[in-house]
Protein chains: 2
Amino acid sequence: MRCIGQSSEEKIKEAARKVFLKKGFDGTTSRDIANEAEMNIALTNYYFRSKEKLFLEIFKDLLNLYFQDTIDIFNKDIPLREKIIESVDHTFEMVKKEPDLVIFIMNEVHKEPERLVPDLNFLRQVKNSKLAQQLSDEIVKGNIRPIGVENILPMLCGYIQFIFMGKNIHMKVFEVTEEQFAVFAEDHKNIIKDMIINYIFLPK
Amino acid sequence: MRCIGQSSEEKIKEAARKVFLKKGFDGTTSRDIANEAEMNIALTNYYFRSKEKLFLEIFKDLLNLYFQDTIDIFNKDIPLREKIIESVDHTFEMVKKEPDLVIFIMNEVHKEPERLVPDLNFLRQVKNSKLAQQLSDEIVKGNIRPIGVENILPMLCGYIQFIFMGKNIHMKVFEVTEEQFAVFAEDHKNIIKDMIINYIFLPK
DNA sequence: TTATATTTTAAATGTTTGTTTAAATTATGC
DNA sequence: GCATAATTTAAACAAACATTTAAAATATAA
């Protein structure tokens with residue numbers, strides 16, 4: 001094995017990740033991946049047996065990327081207000097760093113929901129996080145409105161995600177540049193945080 | 001021309017609309033469309049010249065469906081509070097009726113933003129609606145926080161849309177049925193309305 | 001060095017893709 | 001009814017598809 005740089009297997013996986021994220025499973029051909037990796041077309045099947053197997057491996061990684069840090073934040077031992085801010089901020093940074101991730105996950109799961117089945121145990125962590133207990137506690141104390149994880153999850157993650165999923169539409173509708181969109185997104189992020197906190201917490 | 005029922009052209013267009021919405025452009029084959037329409041494979045090209053042309057025609061219709069009613073509501077001569085409620089309610093009904101529409105538009109525009117270029121004039125109506133003026137007026141009067149159309153649009157439409165785009169993910173994460181999801185969605189719709197109004201309007 | 005195992009290659013596999021063809025069928029206008 | 005136009009059909013098209021093959025090249029281990 002050549003030990004300078006990545007192995008061929010890694011090169012292919014990274015290239016495939018890039019192309020799948022950009023074009024989705026249906027829009028990606030084996031040749032696209034081979035070209036991106038600058039490798040022979042046969043190597044994809046030599047290392048991963050099929051396009052589908054390679055996709056599923058990458059999909060698993062990306063689903064992890066999509067949820068793991070959020071789960072970790074939900075499980076942190078910090079006050080609710082802080083957790084809300086950190087969650088929104090993290091989602092914002094995540095979609096900024098990996099702009100194709102959300103629409104990719106949404107679209108692939110929409111077309112074939114059963115792709116999530118092998119990761120059901122992983123997904124369950126979302127609803128069983130510390131945040132759930134934290135919400136119940138604060139509700140009992142009368143500090144916040146009665147609200148469950150299922151309703152706060154989209155607020156903390158989904159709203160921001162939507163802004164970036166609809167980036168191209170926004171840019172056309174409001175006729176703005178990338179830079180202007182970035183300003184808008186930052187602005188909207190702060191509105192979301194204010195709005196959630198303003199809504200959730202009850203006046204003393 | 002046979003005048004009982006639809007024309008062949010209409011049959012094909014309707015079938016194509018159905019399949020494109022479900023599987024997207026890349027995931028749809030000419031034979032899928034012909035099968036769905038129960039028509040000969042050659043008729044797609046006889047009536048629409050190519051798969052691409054047929055797609056663009058349908059895409060235009062769907063983009064209209066996605067935006068037109070919202071634009072109309074934005075232009076209504078009704079109080080802001082009422083307009084907010086009506087917008088959210090309309091979005092909710094729209095995505096319930098056409099569950100694949102939002103992810104379809106999002107995904108196709110994400111892959112190829114230039115598909116929106118022919119409809120730029122149509123899209124401009126969103127930001128030039130009466131709602132924009134209405135917001136400025138209320139801001140000057142000190143009734144609401146300073147906020148622009150670009151920030152209120154996602155609140156009125158996007159948040160609800162996200163809930164339905166992520167339907168399959170939600171159902172797996174929270175292990176609920178279709179019926180339970182419907183209850184959740186309804187619930188979240190009301191939260192969104194409360195949250196927006198609670199945030200936008202300043203106390204007298 | 002030599003034998004063996006791993007990796008890479010060009011070429012070919014059989015399907016499926018979008019699209020076209022030319023003939024067959026049906027409708028239309030006089 | 002008959003000529004013409006419009007529609008529908010089965011079949012074929014080349015190109016692109018995922019995947020396989022078998023030989024060539026390279027690395028490994030003795």
Side-chain angles (χ1 to χ4, degrees), chain A residues 1-62 104 107-108 111-112 114-115 118, chain B residues 1-62 104 107-108 111-112 114-115 118:
Chain A
M1 188 199 298
R2 184 184 306 144
C3 283
I4 20 162
Q6 304 164 288
S7 70
S8 296
E9 189 175 343
E10 282 166 339
K11 267 196 205 167
I12 291 166
K13 199 170 170 184
E14 196 176 296
R17 188 191 130 116
K18 195 172 166 185
V19 184
F20 278 139
L21 267 172
K22 194 78 77 221
K23 309 203 207 182
F25 182 78
D26 290 331
T28 300
T29 72
S30 299
R31 278 161 189 84
D32 288 337
I33 298 170
N35 288 345
E36 179 69 37
E38 293 174 307
M39 298 260 114
N40 187 283
I41 171 89
L43 287 177
T44 298
N45 284 53
Y46 176 73
Y47 285 111
F48 299 95
R49 297 190 41 209
S50 74
K51 180 190 165 190
E52 174 81 15
K53 292 248 168 59
L54 172 54
F55 175 83
L56 288 177
E57 224 172 275
I58 289 167
F59 182 79
K60 201 183 165 69
D61 293 347
L62 292 176
F104 169 84
N107 199 47
E108 297 299 336
K111 281 187 309 185
E112 216 156 323
E114 297 312 305
R115 287 196 162 135
Chain B
M1 187 198 297
R2 183 183 307 146
C3 284
I4 22 163
Q6 303 164 288
S7 71
S8 296
E9 191 174 343
E10 282 166 338
K11 265 196 206 170
I12 291 166
K13 199 169 171 185
E14 194 176 298
R17 187 190 132 116
K18 193 170 166 185
V19 184
F20 278 139
L21 269 173
K22 195 74 80 218
K23 308 203 209 182
F25 181 79
D26 291 331
T28 300
T29 71
S30 300
R31 279 160 186 85
D32 288 338
I33 297 170
N35 287 345
E36 179 68 37
E38 292 175 309
M39 299 259 113
N40 186 284
I41 172 86
L43 288 178
T44 298
N45 284 50
Y46 177 74
Y47 285 110
F48 300 94
R49 299 193 37 212
S50 74
K51 181 191 163 189
E52 175 80 15
K53 293 248 170 53
L54 172 55
F55 175 83
L56 289 177
E57 225 173 275
I58 288 166
F59 182 78
K60 201 182 164 67
D61 293 348
L62 292 177
F104 169 83
N107 198 48
E108 297 299 336
K111 280 188 309 183
E112 217 156 322
E114 297 313 304
R115 287 196 160 136

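Side chains included, hydrogens not; waters and symmetry mates left out as well; all remaining heavy atoms used. All values reported here derive from a predicted model rather than from experimental measurement. Letters A, B, ... are given to chains in the order of the sequence lines, protein chains preceding strands, and every chain is numbered from 1.
- Residues satisfying the side chain to side chain contact (heavy atoms under 4.5 Å, CB included) criterion with A:Lys60, sequence neighbours excluded, are A:Asp119.
- At whole-Å resolution of the value, CD1 in B:Ile33 and P in C:dT16 are 18 Å apart.
- Rounded to an integer number of Å, the gap from B:Leu43 CG to D:dA11 P is 16 Å.
- Nucleotide C:dA10 holds its C1' atom 16 Å from the CE atom of A:Met39, rounded to whole Å.
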Between protein and nucleic acid, restricted to nucleotides 19-25 of chain D and to nitrogen or oxygen atoms under 3.5 Å apart, what atom pairs and distances do you find?
residue	atom	partner	partner atom	Å
D:dT19	OP2	A:Lys51	N	2.7
D:dT19	O5'	A:Asn45	ND2	3.3

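- Residue B:Leu54 contributes atom CG, which lies 10 Å from atom P of C:dT19 at whole-angstrom precision.
- A search for ring-ring contact (aromatic ring centres under 6.0 Å, His included) contacts involving B:Tyr47 returns nothing, not counting sequence neighbours.
- One atom, CD of A:Glu38, and another, C1' of C:dT8, lie 15 Å apart when rounded to the nearest Å.
- Put simply, CG on A:Leu56 is 15 Å from P on D:dA18, counting in whole angstrom units.
- Note on A:Phe48: nothing from the nucleic acid sits closer than 4.0 angstrom, heavy atoms only.
- Taking the side chain to side chain contact (heavy atoms under 4.5 Å, CB included) definition, one finds that A:Asn35 meets it with nothing, sequence neighbours left out.
- No donor-acceptor distance shorter than 3.5 angstrom exists from the side chain of A:Glu57 to the backbone of A:Leu54, with no hydrogens or angles considered.
- Applying the ring-ring contact (aromatic ring centres under 6.0 Å, His included) test to A:Phe48 and every residue at least two apart in sequence or in another chain returns nothing.
- Between C:dT8 and A:Ser8, a contact under 4.0 Å exists linking OP1 or OP2 to a side-chain N or O.
- The side chain to side chain contact (heavy atoms under 4.5 Å, CB included) test applied to B:Glu108 returns B:Phe25, B:Phe55, B:Phe59, B:Phe104, B:Lys111, B:Arg115, not counting sequence neighbours.
- The CG atom of B:Asp26 sits 14 Å away from the C1' atom of C:dG18 (whole-angstrom rounding).
- Look at CZ on A:Phe25: it is 10 Å from C1' on D:dA18, rounded to the nearest Å.
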